[in-house]
Amino acid sequence: MNLLLDTHLLLWAASEPQRLSAKARALLLDPSNQLVFSSASLWEITIKNGLERSDFNVDSRRLWRMLLVNGYRELSVTSEHTVAVNDLPPLHKDPFDRILVNQARVEGLMLLTADKVVAKYGEGVKKV
């Protein structure tokens with residue numbers, strides 16, 4: 001299965017794996033799953049780190065290199081992903097989460113999240 005990690009899961013997998021649920025760890029460690037990260041997540045991390053948010057205190061350039069070295073596939077944001085935001089109900093206001101939902105749907109991926117509000121989107125989203 002192709003799994004797109006939301007930004008928090010991506011950060012936790014990289015630096016705080018103890019924060020991941022047992023379900024999330026099992027999915028991430030299953031060699032039959034392809035792990036995917038979005039360029040939108042790196043953008044979010046860079047912006048929020050610049051705003052000195054302690055939960056985003058990460059060198060995004062280093063994280064990017066580490067993800068690639070560890071076999072994650074990078075997914076760029078396309079116009080198709082962005083225009084599909086119009087099709088989402090206004091359940092969540094965070095534009096980064098909304099683009100991740102659309103990327104998962106458009107690309108046929110499963111978005112993994114720990115966010116119960118994001119999980120309400122249903123199709124293409126799995127709460128772990």
Side-chain angles (χ1 to χ4, degrees):
M1 184 178 345
N2 292 314
L3 304 174
L4 176 62
L5 278 66
D6 81 356
T7 306
H8 277 101
L9 288 182
L10 196 63
L11 287 169
W12 297 343
S15 62
E16 297 181 88
Q18 70 280 5
R19 294 191 66 180
L20 295 168
S21 69
K23 184 191 258 185
R25 276 194 301 277
L27 287 167
L28 298 181
L29 293 173
D30 183 338
S32 67
N33 291 331
Q34 170 66 59
L35 304 179
V36 181
F37 70 95
S38 172
S39 58
S41 289
L42 292 177
W43 184 23
E44 179 180 15
I45 291 165
T46 301
I47 288 170
K48 292 181 178 176
N49 185 28
L51 296 172
E52 299 183 0
R53 288 254 319 252
S54 62
D55 53 338
F56 289 88
N57 187 18
V58 172
D59 178 342
S60 55
R61 199 174 312 244
R62 184 172 180 267
L63 175 62
W64 174 50
R65 287 191 306 262
M66 185 189 76
L67 291 168
L68 294 173
V69 165
N70 283 289
Y72 284 69
R73 182 171 62 88
E74 181 175 359
L75 178 60
S76 296
V77 176
T78 68
S79 295
E80 185 177 8
H81 301 145
T82 59
V83 297
V85 170
N86 278 338
D87 302 330
L88 287 179
L91 300 175
H92 204 292
K93 294 183 184 200
D94 186 317
F96 294 107
D97 287 325
R98 292 171 60 81
I99 198 71
L100 292 174
V101 169
N102 280 336
Q103 285 186 295
R105 288 181 174 181
V106 168
E107 301 298 328
L109 307 171
M110 180 60 63
L111 174 63
L112 299 183
T113 184
D115 186 324
K116 63 184 176 204
V117 178
V118 172
K120 289 181 182 179
Y121 283 109
E123 177 194 346
V125 182
K126 182 179 187 119
K127 184 175 180 313
V128 292

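Positions are given from 1 along the sequence. Only this structure's heavy atoms are used, side chains among them; waters, hydrogens and symmetry mates stay out.
Separation of atoms CG (Asn102) and OG1 (Thr82) is listed at 8.5 Å; rounding is to 0.5 Å. Of the inter-residue distances, the one linking Leu11 atom CG with Asp55 atom CG reads 8.0 Å to the nearest 0.5 angstrom. Taken from CG in Asn70 to CG in Leu35, the straight-line distance is 9.5 Å, to the nearest 0.5 Å. Here the CG-CD distance, from Asn2 to Glu107, works out to 10.0 Å after rounding to the nearest 0.5 Å. A distance of 8.0 Å separates CG in Leu111 from CG in Leu9, rounded to the nearest 0.5 Å.
The two atoms that bring Pro17 and Ser15 nearest to each other are CD-C, 3.5 Å, heavy atoms only. Between Arg98 and Leu88, the shortest heavy-atom contact is O-CD1, 3.6 Å. When every heavy atom of Leu63 is checked against every heavy atom of Ala14, the shortest pair comes out as CD1-CB, 3.5 Å. For Ser41 against Leu10, the heavy-atom pair with the smallest separation is CB-CD2, 3.9 Å. The shortest non-hydrogen separation linking Tyr72 to Val36 is CD2-N, 4.3 Å. For the pair Ser60 and Ile45, the tightest heavy-atom approach, listed with the atom from each and the gap, is CB-CG2, 4.2 Å.
Listed by first and then second residue, the salt bridge (charged side-chain N to carboxylate O under 4.0 Å, His left out) pairs that reach into residues 25-52 are Glu44-Lys48, Lys48-Asp94, sequence neighbours excluded. Pairs of residues two or more places apart, or lying in two chains, never qualify as salt bridge (charged side-chain N to carboxylate O under 4.0 Å, His left out) while including a residue from residues 64-82.
Leu112 and Val106 are assigned to two separate hydrophobic clusters, defined by single-linkage of ILVMFWY side chains at heavy-atom distances under 4.5 Å. Cluster membership check: Leu42 shares its hydrophobic cluster with Trp12, using side-chain heavy-atom separations under 4.5 Å among Ile, Leu, Val, Met, Phe, Trp and Tyr. Val117 and Ile99 fall into different hydrophobic clusters, where Ile, Leu, Val, Met, Phe, Trp and Tyr side chains are chained together by heavy-atom contacts under 4.5 Å. Met66 and Leu3 end up in the same hydrophobic cluster when Ile, Leu, Val, Met, Phe, Trp and Tyr side chains are linked at under 4.5 Å. Tracing side-chain contacts under 4.5 Å through hydrophobic residues (I, L, V, M, F, W, Y), one never reaches Leu29 starting from Phe37; they form parts of separate clusters.
Only one option out of Lys127, Lys120, His8, His92 pairs with Asp115 in a side-chain hydrogen bond (donor to acceptor under 3.5 Å, both in side chains); it is His92.
Side-chain atoms of Thr113 and Val128, non-hydrogen and from C-beta on, never get closer than 4.5 Å to each other. Contact annotation: the side chain of Val118 never approaches that of Leu100 to less than 4.5 Å [non-hydrogen atoms, C-beta and beyond].
In this structure, Phe96 belongs to a hydrophobic cluster whose other members, linked by side-chain heavy atoms under 4.5 Å apart, are Trp43, Ile47, Leu51.
Salt bridge status for Arg61 with Asp59: absent, with no side-chain N to carboxylate O gap under 4.0 Å.
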Check: Where do His81 and Leu75 land on the side-chain contact (heavy atoms from CB on, under 4.5 Å) test, with the steps shown first?
Finding: CA-CA 11 Å; His81 301 145; Leu75 178 60; 4.3 Å; yes
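When atom types are taken as modelled, the side chain of Gln103 and the backbone of Thr78 share no donor-acceptor pair closer than 3.5 angstrom. For the pair Asn33 (side chain) and Met1 (backbone), a donor-acceptor distance under 3.5 Å is present.
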